[in-house]
Amino acid sequence: MAVIDSDAHVVETERTWDFIPQSDQNLRPIVITRPDSSGKDIRYWEIDGEIRGTVRQPIGKREEWDPTRIAADMAAAQAASGRKLATPDASKHMEDVGARLRHMDELGIDYQMLYPTIFLRKLADRDETRVALAKGYNRWLADIWTQSEARLRWAAVLPLSVMDESIKELHWAAEHGANGVFMRGVEEEGVLQDEYFFPLYEEMSKLDMAVTVHIGNGNPLVESLLNHGAGGSPFSSMRIFSVAACHSWILAGIPQQFPGLRIAFVEAAAQWAPYVVNDLRRRFPGRHGRPAPDNLFAENNIWVTCQTDDDIGYLVEYAGEDNLLIGTDYGHTDQSSEIEAMRIFQEQGTVAPDVVSKILDANPRAVYGF
């Protein structure tokens, strides 16, 4: 049995944009420095004249992989957070692909499926900038995939506002190691069941590429509204849209229109699966004139990532043992991150060994097409 981390990340750096084609280098993100409320200088990405997130702060000359130093750094971060969240700097920023692979070996991980960080939100206003950023990111990931001897798989980023360019980039990515297309539960261009995306789904079906819906939000106005006030958080502004997208995907009959198209919902945990299934069972007769299928996820080519603190035995009843995945959120330090999730999941003993094997190996192979 292989161990496949179904949700891992890269964190973009200035080098990422070196992969933008030379003719479009004038569109690359610019690093600017501004003081925060305490007066400390913070580096930000400026794209199309707007600040679009923070840049890693300089930490001096990069050191070679040193297991002793890495262990000390991780121990300090873990002690501060109370959880095992830390990842080596050179590894999460992909400055040393060999370091990433060695760390995966230490964690007992054979393969990782890589997702972006900066693209979780809208980045650019102009179509030409969106195309340039997507090309740069995808060529960076293709280079990483090549260096990793295919242990690091990846989801392509597409300039969805320009469909003809998206389809061109889809074909390029499929030829250079991509196993899926990164999308968010809501895009600026609309929601996933909109006909606008149908030409993309048609090409993805032909290329055997999965839709990979990672938590995020492509619509800044909606994100800002749901992040507002003391109760605002990524739960409302990012995670809930994955749940809604799954529900709408099934209710709209997208799987029947594109029967070979697979879709994964990533990093939103999975405790919502029973809620979605029960609601769809109530709605199906009125909407479609027939009962809902017995196994909604399996019959609609849907997979979902769970977390070690999900009630996975209970989820199997609703999502099915063949349609659950698990990931570490490697590279991030938010509440979804659990760098030793794969080991913990195997040792918990709350799920039958054959189901563990499916979640760690057979299921991610099925959805990602490894």
Side-chain angles (χ1 to χ4, degrees), residues 1-11 65 84 87-88 90-117 137-157 173-182 207-214 262-267 270 301 303-308 312 321-332 336-347 351 353-370:
M1 179 189 75
V3 173
I4 299 173
D5 181 352
S6 290
D7 175 29
H9 286 268
V10 294
V11 180
W65 175 266
K84 291 196 172 184
T87 51
S91 178
K92 68 183 178 183
H93 291 101
M94 288 299 184
E95 293 171 317
D96 186 342
V97 174
R100 177 71 164 243
L101 298 178
R102 289 189 287 273
H103 194 207
M104 287 166 58
D105 290 339
E106 292 177 7
L107 296 170
I109 296 171
D110 296 295
Y111 301 93
Q112 285 185 327
M113 184 68 178
L114 302 180
Y115 290 96
T117 296
Y137 177 85
N138 292 336
R139 281 144 190 78
W140 182 48
L141 268 291
D143 181 68
I144 291 167
W145 170 74
T146 300
Q147 291 185 57
S148 75
E149 298 183 351
R151 288 184 64 189
L152 295 169
R153 309 299 181 93
W154 58 287
V157 168
E175 295 170 0
H176 293 83
N179 289 87
V181 170
F182 167 82
L207 295 170
D208 196 32
M209 295 274 278
V211 182
T212 58
V213 184
H214 195 281
R262 304 181 305 279
I263 186 167
F265 293 90
V266 180
E267 206 183 307
N301 291 324
W303 284 258
V304 60
T305 58
C306 56
Q307 298 177 171
T308 60
I312 297 174
E321 63 186 40
D322 296 317
N323 295 81
L324 290 172
L325 314 166
I326 195 166
T328 62
D329 198 33
Y330 187 107
H332 288 177
S336 298
S337 303
E338 191 169 23
I339 196 170
E340 295 207 53
M342 318 310 271
R343 178 189 60 77
I344 293 170
F345 177 56
Q346 292 178 80
E347 294 178 356
V351 180
D354 61 324
V355 177
V356 169
S357 178
K358 288 182 177 183
I359 293 173
L360 291 176
D361 188 5
N363 296 352
R365 287 187 190 274
V367 63
Y368 292 135
F370 279 19

Examine distances only and state if a side-chain atom of [X] and a backbone atom of [Y] form a donor-acceptor pair shorter than 3.5 Å.
X      : Y      : answer
Arg151 : Ile109 : yes
Asp361 : Ala2   : yes
Asn138 : Val157 : yes
Asp110 : Val3   : yes
Arg343 : Gly108 : no
Tyr368 : Ser6   : yes
Trp303 : Asp322 : yes
Ser357 : Pro353 : no

[X] versus [Y], closest heavy-atom pair with distance:
X      : Y      : value
Asn179 : Phe370 : ND2-CD1, 3.8 Å
Tyr115 : Ala155 : CE2-CB, 3.8 Å
Leu324 : Ala270 : CD2-CB, 4.5 Å

**Report entry** Derivation and outcome, side-chain contact (heavy atoms from CB on, under 4.5 Å), residues Met94 and Asp143
**Finding:** CA-CA 10 Å; Met94 288 299 184; Asp143 181 68; over 6 Å; no
Flag side-chain contact, heavy atom, 4.5 Å: [X] against [Y]:
X      : Y      : answer
Ile144 : Arg100 : no
Ile4   : Met113 : no
Val367 : Asn323 : no
Val304 : Leu325 : no
Leu114 : Trp145 : no
Val181 : Val211 : no
Phe345 : Ile312 : yes
His214 : Asp7   : yes

In Å, rounded to the nearest 0.5 Å, how long is the span from [atom1] of [X] to [atom2] of [Y]?
X      : Y      : atom1 : atom2 : value
Met342 : Leu107 : CE    : CG    : 10.0 Å
Thr146 : His176 : OG1   : NE2   : 8.0 Å
Leu360 : Met1   : CG    : CE    : 5.0 Å
Met104 : Asp5   : CE    : CG    : 7.5 Å
Glu106 : Glu340 : CD    : CD    : 10.0 Å

Query raised in the report: Knowing that exactly one of Gln147, Arg102, His103 qualifies, which makes a side chain to side chain contact (heavy atoms under 4.5 Å, CB included) with Asp96?
Result: Arg102
**Report entry** Of Ile344, Thr328, Ile326, the residue whose pairing with Glu338 passes side chain to side chain contact (heavy atoms under 4.5 Å, CB included)
**Finding:** Ile344
Requested in this report: Apply side-chain contact (heavy atoms from CB on, under 4.5 Å) to Trp154 and Val10, showing your working.
Outcome: CA-CA 10 Å; Trp154 58 287; Val10 294; over 6 Å; no
Query raised in the report: Out of Glu267, Gln112, Lys92, which one pairs with His9 under the side chain to side chain donor-acceptor pair (under 3.5 Å) rule?
Result: Glu267
